[in-house]
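Read through the structure below, which is laid out as structure tokens, and then see the notes.
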Amino acid sequence: MLQNNFRHINWQNNQLYLLDQRKLPQEQITLTFTQASEVAKAIQDMVVRGAPAIGITAAYGVVLAANNAYKNTANNWKTVIKTDLQILAQARPTAVNLIWALDRMKARFSEIQSNPEPILLAEAKAIHQEDIEANYKMGDLGANLLPENCRVLTHCNAGALATGGYGTALGVIRSAYATNKIKQVYADETRPWLQGARLTAWELLQDNIPVTLLADGAAAYLMQQKKVDWIIVGSDRITANGDVANKIGTYSLAVLARQHGIKFMVAAPTSTIDMNLKSGEQIIIEERSANEVLTIAGKTIAPKQAQAWNPSFDVTPAHLVDAIVTEKGIVEQPNLERIEQLFYQLT
Ligand code: MRU
């Protein structure tokens, strides 16, 4: 099985280390964090991004918050930490993994009697490790759905960099590549942050998996030319009925896939499923700064007077999704009943 041999989220000597994804692929710079508020800012500013990676990072942020609060007011740390928890929760709104991880961390508070670090650090590491293991499972399950000589198209970066390691959509592609099922990997460049061009291309090439980039607008023509068999993407939040929020541009790929008879797969761990929301209309879609559209790599590309609209995600309705692949199993043609069956492991 292919391994991605970089670890972009690291805990060492009571500090959190994050590979700065804004600088990839040109520079590999690691930043050090000792405060939860700095971690929240790093999430907001895209030092680390991708739904599961955001959750894991926030979990380590809770360890930093608790350690600092315990150092200052040992008796009162559970109250003092509340501001940091709120700041972390508000870092980005769409990826449910953030709140999911914070809730898991908070659930451990009641059993802590003295120094919070041992229990909280163990929980953060468990969240991290479980995510990697889930990705390997999804990789194998998703790869089984693909035919031989498969040509796939992915969007954004749903790889090792977006998770604890291995990746969701890229995990499926890694597993399928390892069993010689992949003939060609296409990746959308994914404006405005260029996660496809910068991150997906970088990490696939780290594993010697050839990748062909295309401008987002070229995907329709690629499909019309019958050059792709499956679209494989990740997700930031899947609602109870199977609607899928993911990087802006995912919805158009799903519509195009249906139009051209191409299969559409979403690979995501169950920590991305939000059973509290009935449908995608209820998902809060993050809108980011207009500057991200008006500039490229810090350089202004539009006239000064131009305005920009910059939704970071869109919602693909469940009926356009052929398969949601999770670590607990696959839901084909997702709907409420099938998602409930998987989520609660009903027989
Ligand atoms: O804005 P980003 O880069 O955090 O968006 C990331 C995505 O949309 C990913 O596809 C999603 O989080 C799934 S990651 C396994």
Side-chain angles (χ1 to χ4, degrees), residues 8 19-26 43-54 92 94-95 151-163 167-174 184-206 209-223 227-228 230-237 244-257 262 264-268 272 285-299 301-302 308-316:
H8 68 106
L19 179 63
D20 189 345
Q21 297 193 29
R22 299 168 305 181
K23 306 281 187 211
L24 288 172
Q26 280 80 15
I43 293 172
Q44 226 156 42
D45 293 350
M46 311 279 282
V47 169
V48 59
R49 30 63 52 202
I54 291 171
R92 290 189 76 189
T94 305
R151 298 154 311 165
V152 299
L153 168 64
T154 190
H155 188 64
C156 191
N157 171 267
L161 288 166
T163 61
T168 56
L170 292 194
V172 172
I173 291 171
R174 281 192 164 93
Q184 178 112 37
V185 181
Y186 293 103
D188 283 340
E189 62 175 357
T190 319
R191 270 286 287 157
W193 269 90
L194 299 171
Q195 289 95 329
R198 296 188 303 105
L199 308 178
T200 293
W202 180 77
E203 73 162 87
L204 286 177
L205 292 171
Q206 296 282 308
I209 301 177
V211 57
T212 302
L213 286 169
L214 51 138
D216 299 343
Y221 187 47
L222 185 81
M223 292 188 223
K227 287 187 171 164
V228 61
W230 273 84
I231 314 280
I232 309 178
V233 296
S235 173
D236 284 78
R237 195 182 291 241
V244 173
N246 192 49
K247 179 53 54 197
I248 191 75
T250 302
Y251 171 49
S252 41
L253 292 180
V255 173
L256 287 164
I262 290 158
F264 190 86
M265 182 195 302
V266 177
T272 301
I285 298 295
E286 175 183 12
E287 281 198 30
R288 296 185 62 88
S289 154
N291 263 340
E292 294 179 354
V293 174
L294 300 172
T295 60
I296 291 184
K299 201 166 174 235
I301 51 161
W309 178 50
N310 188 16
S312 198
F313 301 95
D314 57 27
V315 177
T316 298

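Counting begins at 1 with the first residue of the sequence. All values below come from the heavy atoms of this structure, side chains included, with hydrogens, waters and symmetry mates left out.
If you run salt bridge (charged side-chain N to carboxylate O under 4.0 Å, His left out) between Glu286 and each of Lys247, Arg237, Arg92, only Arg92 comes through. Applying the side chain to side chain contact (heavy atoms under 4.5 Å, CB included) test between Phe264 and each of Leu256, Leu253, Ile232 identifies Leu253 as the sole match.
No hydrogens or angles considered: nothing links the side chains of Gln195 and Arg49 as a donor-acceptor pair under 3.5 Å.
In plain terms, the two heavy atoms of Ser252 and Gly249 that are nearest each other are OG-O, 2.9 Å. In plain terms, the two heavy atoms of His8 and Ala53 that are nearest each other are CE1-CB, 4.0 Å. When every heavy atom of Ser312 is checked against every heavy atom of Ile285, the shortest pair comes out as N-CG2, 4.5 Å. Taking every heavy atom of both residues into account, Ala267 and Ala169 meet most closely at CB-N, 3.8 Å. Across all their heavy atoms, Ala162 and Pro52 have their closest contact at O-CD, 3.3 Å. Taking every heavy atom of both residues into account, Ala268 and Thr168 meet most closely at CA-CG2, 4.3 Å.
A donor-acceptor pair is defined here as one N or O able to donate and one able to accept, closer than 3.5 Å; such a pair exists between the side chain of Arg191 and the backbone of Val293. Between the side chain of Asp314 and the backbone N or O of Tyr251, at least one donor-acceptor pair lies under 3.5 Å. Here the side chain of Asn310 pairs no donor or acceptor atom with the backbone of Ala290 at under 3.5 angstrom. Checked by atom type and distance alone, the side chain of His155 never pairs as donor or acceptor with a backbone atom of Gly234 at under 3.5 Å. A donor-acceptor distance shorter than 3.5 angstrom exists from the side chain of Thr200 to the backbone of Cys156, with no hydrogens or angles considered. At least one donor-acceptor pair under 3.5 Å links the side chain of Arg198 to the backbone N or O of Gln21. Side chain of Asp216 to backbone of Asp188: no donor-acceptor contact under 3.5 angstrom is found.
Phe313 has its side chain out of reach of Val315: every pair of non-hydrogen atoms, C-beta onward, lies at least 4.5 Å apart. At a threshold of 4.5 Å between non-hydrogen side-chain atoms, the residues Leu153 and Leu214 count as touching. A 4.5 Å side-chain heavy-atom check between Leu24 and Leu19 finds at least one atom pair inside the cut-off.
Every side chain to side chain contact (heavy atoms under 4.5 Å, CB included) that Pro210 has, sequence neighbours left out, goes to Tyr177. For Thr250, the side chain to side chain donor-acceptor pair (under 3.5 Å) partners at least two apart in sequence or on another chain are Asn246. Not counting sequence neighbours, the partners of Trp202 by the ring pair (Phe, Tyr, Trp, His ring centres under 6.0 Å) test are Phe6. With sequence neighbours excluded, the residues that form a side chain to side chain donor-acceptor pair (under 3.5 Å) with Thr212 are Gln184. Applying the side chain to side chain contact (heavy atoms under 4.5 Å, CB included) rule to Ala197 yields the partners Glu189, Leu194, Leu213; only residues at least two apart in sequence or on another chain are considered. Considering only residues two or more places apart in sequence or on other chains, Glu287 meets the salt bridge (charged side-chain N to carboxylate O under 4.0 Å, His left out) condition with none of them.
Rounded to the nearest 0.5 Å, atoms CD1 (Ile248) and CH2 (Trp309) are 6.0 Å apart. Thr163 contributes atom OG1, which lies 11.5 Å from atom CD1 of Ile54 (distance to the nearest 0.5 angstrom).
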